[in-house]
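The chain is numbered in sequence order, starting from 1. Both backbone and side-chain heavy atoms feed into the values below; hydrogens, waters and symmetry mates do not.
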Amino acid sequence: MMDYVILHDWASFAIRWLHVITAIAWIGSSFYFIALDLGLQRAPGLPQGAHGEEWQVHGGGFYHITKYLVAPERMPEHLTWFKWESYATWLSGAALLMVVYWAQAELFLIDPAKMELSVRAAILISAASLSIGWLIYDRLCKSELAERPIALMLLLFVLLVVMAWGYDQVFTGRAALLHLGAFTATIMTANVFFIIMPNQRIVVRDLKSGRKPNPKYGKIAKLRSTHNNYLTLPVVFLMLSNHYPLAFASRFNWLIAALVFLMGVTIRHFFNTKHARRTWPWWTWGVTALLFAGVVWLSTVGTQALPDEEARLSAREQALVADPHFERVRDVVFSRCSMCHAAEPGWPGIATAPRGVMLETDAQIARAARGIYLQAGLTDAMPPANVSYIEPPERAVLRDWFRSATGARLAAN
C-alpha cells in the first residue's frame, strides 16, 4: 500500500525522465543538423540540384552527406522525418507542468503576495498564456519582417522579456521562469508542427506528382529552424532554474531571463560560426562572461518579497497548522531545518535557503508540508547527510502530522 503523495511524486519523476530523454533527442538532432548545414562544402561533381556535401567519420565508418537546397529530382524510396523528438518533448513537458504546477497550484503556482487567484483561474492563465507567444510570433514571421531577420529576432526578444515580466507579476518566481521556458518551447514546437513539417510535406507531394518544388517553402522552414536554434539553450536554462532559487527567487528574475536569452545568442553564434568554418568569434566568450556576471549580480540584489504572513491560509494549510501534531512538528523544523531554510541562513556556506523554501513561521511550514513529508518524513533526503541529526521518532512525527492533517489516502500498489 502506498499513499497518493508517493505515487504522485513517482509519476512526476517518471514524466520528468521522459521529458529529459526526449529533449536530449530533439536538441541533439537540432544541433547536429545546424552544424551539418553550416559545414556543407561546394565541390566539383555534385549532383544536379545539390547545394553542398560533407564527409564525416563516426562509429568506425565514414559518412558522405549531400544536401539538396530544394529537393532531389526524384523522391527517394526511404525518407527519415525528424518530428517526434519535438512533439514528444513538448507533450511530456506539458504533462510535467500539469503534474507539478497545476496539481500543486497552491504550493508552486500561486503567490498570494502578487495576485489572489483561485486554483482554477491560475491554471487557466497558465494554459492560455502558452499560446499567446506563438500567435504573435507567427504573425510577425508572416509579415514583411521575414525579409529582415535581425529586426524579427529583436522583436521576438522583446516579446520574451515582456512575457517574463508578466509571468512574474502573476505567479511565483519559480513558476514564472518555468512558464517562460514552456512559452518559448511552445513557439519552437509549433514551428515544427505548423510550419516546418507542412512545408516539407508540400515539397514531397510536388516531387511525387512530378512538379518542381517551390524553393520558398524551404526558405520559410529554414528561418523557423534558425530561430529554434538560438532559443534552445535559454529554454534549457529556464527548465533547470526551478532547482536554483538564486535564479527564480530574485526580485529581478525576469531580467535574469532576458540576459540568459542574450547568452543563448552569443553561445550559439560562436558555435554556428565555428561550424561554418569562418574565423572563430572569440569575442563572444567575453560578452557571455559579462552577461553571466550580470545574472550573478542581479541574483544578489534581493529575493522576492515573501507572502504576507497575515494573508489568509488555504483550508488545507489551516488544517495543517491546527493539527494536534503541529506543535511537535514546529519544534522539529525549528531545531533541525530552519538554520538553512531561512531568509538569512545560519549554516556556513549556504547563502540562500535551499530551493527558496523558508521554514521560519507556521505559515511557511504549512505551505511546505508536502516537501517536508517527502524529504524529511518518508525519506532522509533532508537534511543532507543528516547533518542536523534528525532522529527516527522525529521523522515519524512529520509523517504522522501530514497524514493526520491531510487525510492522506492509501492507494493499492
Side-chain angles (χ1 to χ4, degrees), residues 23 27-28 30-31 34-35 38 133 137 140 145 148-169 173-185 187-188 223 225-305 345 349-356:
I27 294 170
S30 173
F31 280 6
I34 287 290
L38 291 170
Y137 163 79
L140 291 174
L145 286 168
R148 300 166 59 194
I150 295 178
L152 181 57
M153 283 291 287
L154 287 174
L155 283 176
L156 176 58
F157 174 71
V158 171
L159 171 64
L160 293 168
V161 174
V162 169
M163 286 304 301
W165 178 86
Y167 276 131
D168 190 51
Q169 305 309 301
R174 175 177 176 173
L177 291 194
L178 191 284
H179 274 74
L180 182 62
F183 177 91
T184 309
I187 291 176
M188 295 170 66
L223 175 67
S225 181
T226 300
H227 291 169
N228 282 5
N229 175 45
Y230 282 102
L231 293 174
T232 299
L233 295 182
V235 169
V236 173
F237 178 96
L238 294 169
M239 293 307 179
L240 294 174
S241 68
N242 65 95
H243 299 286
Y244 295 91
L246 281 173
F248 70 74
S250 167
R251 276 207 226 49
F252 300 105
N253 56 14
W254 62 278
L255 281 177
I256 288 175
L259 295 185
V260 168
F261 278 108
L262 294 178
M263 282 195 289
V265 172
T266 56
I267 294 170
R268 289 310 303 162
H269 179 68
F270 175 83
F271 284 101
N272 289 345
T273 304
K274 173 181 177 293
H275 295 316
R277 296 184 175 92
R278 296 196 293 268
T279 303
W280 291 16
W282 293 108
W283 60 266
T284 58
W285 288 44
V287 173
T288 303
L290 288 174
L291 290 170
F292 189 72
V295 166
V296 174
W297 178 76
L298 285 171
S299 73
T300 64
V301 173
T303 57
Q304 292 279 21
I350 296 181
T352 60
R355 302 191 73 175

Practice problem: List in chain and number order the residues that pass ring-ring contact (aromatic ring centres under 6.0 Å, His included) with Trp283, two or more places apart in sequence or in another chain; answer none if no residue qualifies. | Solution: His269
Practice problem: First locate atom CG of Leu159, then atom OH of Tyr137, and finally report the distance between them rounded to the nearest 0.5 Å. | Solution: 10.5 Å
Quiz item: What residues form a side-chain contact (heavy atoms from CB on, under 4.5 Å) with Ala276, not counting sequence neighbours?
Solution: Leu38, Arg278
Quiz item: Between Ala258 and Val161, which heavy-atom pair has the shortest distance, and what is it?
Solution: CB-CG2, 3.6 Å
Quiz item: Distance from Asn228 atom CG to Ser30 atom OG, nearest 0.5 Å?
Solution: 6.5 Å
Self-check item: Side chain proximity check, Leu231 to Leu160, heavy atoms < 4.5 angstrom
Solution: yes
Quiz item: In terms of heavy-atom contacts, does CZ of Phe271 have more than 12 from other residues, nucleotides or ligands at under 6.0 Å?
Solution: no
Practice problem: Verify, without hydrogens or angle tests, whether Asn242 (side chain) and Arg174 (backbone) share a donor-acceptor contact under 3.5 angstrom. | Solution: no
Practice problem: Can you see which heavy atom on Arg268 is nearest to which on Asn229, and at what distance? | Solution: NE-OD1, 3.0 Å
Quiz item: Under 4.5 Å between any side-chain heavy atoms of Leu238 and Phe261, yes or no?
Solution: yes
Quiz item: In chain order, what residues pass the side chain to side chain donor-acceptor pair (under 3.5 Å) check against Arg148, with sequence neighbours excluded?
Solution: none
Quiz item: Below 4.5 Å, heavy atoms only, C-beta onward: do Val296 and Phe292 meet side chain to side chain?
Solution: yes
Quiz item: How long is the gap from CG on Leu298 to CD1 on Ile256, to the nearest 0.5 Å?
Solution: 5.5 Å
Practice problem: Side-chain contact test, heavy atoms from C-beta onward, threshold under 4.5 Å: evaluate it for Ser225 versus Ile34 and give yes or no. | Solution: yes
Practice problem: Taking all non-hydrogen atoms of both residues into account, name the closest pair between Pro354 and Pro245 and its distance. | Solution: C-CG, 4.3 Å
Considering only distance and modelled atom types, tabulate donor-acceptor pairs under 3.5 Å from the side chains of residues 177-184, sequence neighbours left out.
residue, atom, partner, partner atom, Å
His179, ND1, Ala175, O, 2.9
His179, NE2, Ser126, OG, 2.6
Thr184, OG1, Leu180, O, 2.9

Quiz item: Does Phe270 have any ring-ring contact (aromatic ring centres under 6.0 Å, His included) partners at least two apart in sequence or in another chain, and if so, which?
Solution: Trp280, Trp282, Trp285
Quiz item: What's the shortest heavy-atom distance between Gly173 and Asn253, and which atoms?
Solution: CA-ND2, 3.5 Å
Quiz prompt | Atom of Ala164, atom of Ala257 and distance for their closest heavy-atom approach | solution = CB-CB, 4.4 Å
Quiz item: Who are the side-chain contact (heavy atoms from CB on, under 4.5 Å) partners of Leu291, not counting sequence neighbours?
Solution: Leu259, Leu262, Met263, Thr266, Val287
Quiz prompt | Sequence-distant partners of Leu152, side-chain contact (heavy atoms from CB on, under 4.5 Å), two or more places apart | solution = Leu140, Cys141, Leu145, Leu223, His227
Self-check item: From Phe252 atom CZ to Trp297 atom CH2, the distance as rounded to the nearest 0.5 Å
Solution: 7.0 Å
Quiz item: From Trp254 CH2 over to Met163 CE, what is the distance, rounded to the nearest 0.5 angstrom?
Solution: 14.0 Å
Exercise. Quick one: list whatever passes side-chain contact (heavy atoms from CB on, under 4.5 Å) with Pro345, sequence neighbours left out.
Key: Ile350
Quiz item: About how many Å separate NZ of Lys274 and OG1 of Thr284, when rounded to the nearest 0.5 Å?
Solution: 12.0 Å
